[in-house]
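Below is one structure; the comments refer to it alone.
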Amino acid sequence: MTQTHHTKVLIIGSGPAGYTAAIYAARANLEPILVTGMEPGGQLMITTEVENYPGFADVIQGPWLMEQMKAQAEHVGTNLITDYITEVDFSSRPYKAIGDSGTIYTGDTVIIATGAKARWLGLPSEKEFQGKGVSACATCDGFFFRGKEVAIIGGGNTAVEEALFLTNFCSKVTLIHRRDSLRAEKILQKRFFGNDKIETLWDHTVEEILGDETGMTGLRIKSTKTGEISDIQKDGAFIAIGHDPATELFKDVLEMDEDNYLITASDSTATSIHGVYAAGDVTDHTYRQAVTAAGMGCMAALEADRFLAASEVPKSAEKIHAAE
């Protein structure tokens, strides 16, 4: 027999945004259900050291921070369920989500916190040295490479912005790009080429991350023109080839931008359907930080609470424009 769970606030996703939304919703006596997804804790589960989350004087571990958020959400009354949502129906309230287990979840409101994933090169050695010299977030991890030489892989805005950011800490930053020109905006390129800490290695791809038990030690690169293979020494590598929001589930259901990030109203987490909210990296392609995701989770829970309390709450989903 198919199980059905109903809640006033259904939260899909369990990173900083999802857990924070759950904490605020539970403290408002909304008895939220949080469906964790395939990777509970999100991207912080592969971040070994976190030094920029407020409230901790010492370096903390990403997985530990997520465990603490999870425990806090449970402590204040969140019902956490390990399942993966495969289908949603937001055509009428209560909104419906169907789990991979076959369980049906219904919610008077929904908070989407499914996050985004960094694009990786797909190398086995890349995965081996994640958190040991290999990162996809310069803002998160650049501080740990003070006075060291690092590489940035990519050629768009993200790669150029992160290269410039890393010059605040690193003695040298080498951008490795498979083409002979950048795709970044011209104003960023001007700053990039004017920085004497940056060098560019054109027409090369990364074939392997080199390292030992202590972590990454260098890169094996290949010329796209000659096919020549060579090794270079680097203390760290930042993969900056973009992010993909986890929004496939909401295609043709919610409004998205050209990069498939969910669109929300100005100064709000409200999506294009009344009572459905989006928080964290699933809608944020600018900051992508744990602290901003947590803040948006708080916003989403407060907005859901106000929506539920309003006497004019519509009984069926009404399409609205996020700009309104």
Side-chain angles (χ1 to χ4, degrees), residues 13-20 39-54 56 59-66 69 113-123 125-146 148-170 173-177 184 188 192 197-198 206 209 211 215-216 219 234-246 259 261 279-297:
S14 58
Y19 285 140
T20 304
E39 298 177 353
Q43 295 183 71
L44 275 180
M45 296 303 288
I46 60 170
T47 303
T48 54
E49 294 183 330
V50 177
E51 199 170 31
N52 58 0
Y53 197 87
F56 301 96
V59 176
I60 58 175
Q61 302 298 303
W64 177 85
L65 179 60
M66 289 299 91
M69 287 191 183
T114 47
K117 294 182 179 180
R119 295 175 192 156
W120 296 94
L121 300 173
L123 304 172
S125 55
E126 173 187 53
K127 187 172 183 180
E128 179 184 354
F129 292 107
Q130 280 181 25
K132 300 176 183 178
V134 176
S135 171
C137 181
T139 310
C140 308
D141 300 325
F143 184 76
F144 300 110
F145 293 87
R146 286 170 293 179
K148 297 183 178 181
E149 294 190 9
V150 300
I152 285 275
I153 294 90
N157 282 350
T158 299
V160 170
E161 288 171 350
E162 297 213 335
L164 288 166
F165 176 81
L166 287 168
T167 61
N168 294 318
F169 310 102
C170 304
V173 178
T174 301
L175 185 138
I176 302 172
H177 189 36
L188 286 174
F192 175 88
K197 280 191 175 183
I198 298 175
V206 174
I209 310 294
M216 175 189 157
L219 298 169
K234 293 294 174 185
D235 300 302
F238 291 83
I239 315 302
I241 55 177
H243 286 73
D244 292 312
D259 296 316
Y261 286 85
D281 288 7
V282 75
T283 186
D284 172 22
H285 46 67
T286 303
Y287 302 105
R288 296 194 300 267
Q289 299 298 301
V291 67
T292 52
M296 293 176 72

Mind checking salt bridge (Lys or Arg N to Asp or Glu O under 4.0 Å) for Lys127 and listing every partner two or more places apart, or none if nothing turns up?
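Result, salt bridge (Lys or Arg N to Asp or Glu O under 4.0 Å) vs Lys127: none returned.
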Backbone of [Y] reached by a side-chain donor or acceptor of [X] within 3.5 Å:
X      : Y      : value
Ser14  : Gly41  : yes
Lys148 : Asp235 : no
Arg119 : Ile241 : yes

If the condition is side chain to side chain contact (heavy atoms under 4.5 Å, CB included), which residues does [X] pass it with, not counting sequence neighbours?
X      : answer
Ala136 : Ala118, Trp120
Phe169 : Phe143, Arg146, Phe165
Ala163 : Ile152, Val173, Phe192, Ile198

Do [X] and [Y] touch side chain to side chain, with heavy atoms closer than 4.5 Å?
X      : Y      : answer
Glu128 : Ile209 : no
Cys137 : Arg288 : no
Ile176 : Leu219 : yes

Could you list the residues that satisfy side-chain hydrogen bond (donor to acceptor under 3.5 Å, both in side chains) with [X], not counting sequence neighbours?
X      : value
Asp259 : none
Thr174 : Glu199, Lys234
Ser135 : Asp141
Asn157 : Glu185

Checking [X] now: which residues fulfil ring-ring contact (aromatic ring centres under 6.0 Å, His included) with it, not counting sequence neighbours?
X      : value
Tyr287 : none
Tyr53  : none
Phe145 : Phe238
Phe129 : none

Using every non-hydrogen atom in the two residues, find where [X] and [Y] come nearest and quote the distance to one decimal.
X      : Y      : result
Tyr19  : Met66  : CE1-O, 3.8 Å
Cys140 : Gln289 : SG-OE1, 3.9 Å
Ala246 : Thr114 : O-OG1, 2.8 Å
Val150 : Cys170 : CG2-SG, 3.7 Å
Val50  : Leu44  : CG2-CD2, 3.9 Å
Ala116 : Pro245 : CB-CA, 3.6 Å

Could you check whether atom NZ of Lys117 has more than 12 heavy atoms from other residues, nucleotides or ligands sitting under 6.0 Å from it?
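Check fails, neighbour count at 12 or below.
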Inter-residue atom distance [X].[atom1] - [Y].[atom2], 0.5 Å rounding:
X      : Y      : atom1 : atom2 : value
Asn52  : Thr139 : CG    : OG1   : 8.5 Å
Thr283 : Met296 : OG1   : CE    : 5.0 Å
Thr158 : His243 : OG1   : NE2   : 7.5 Å

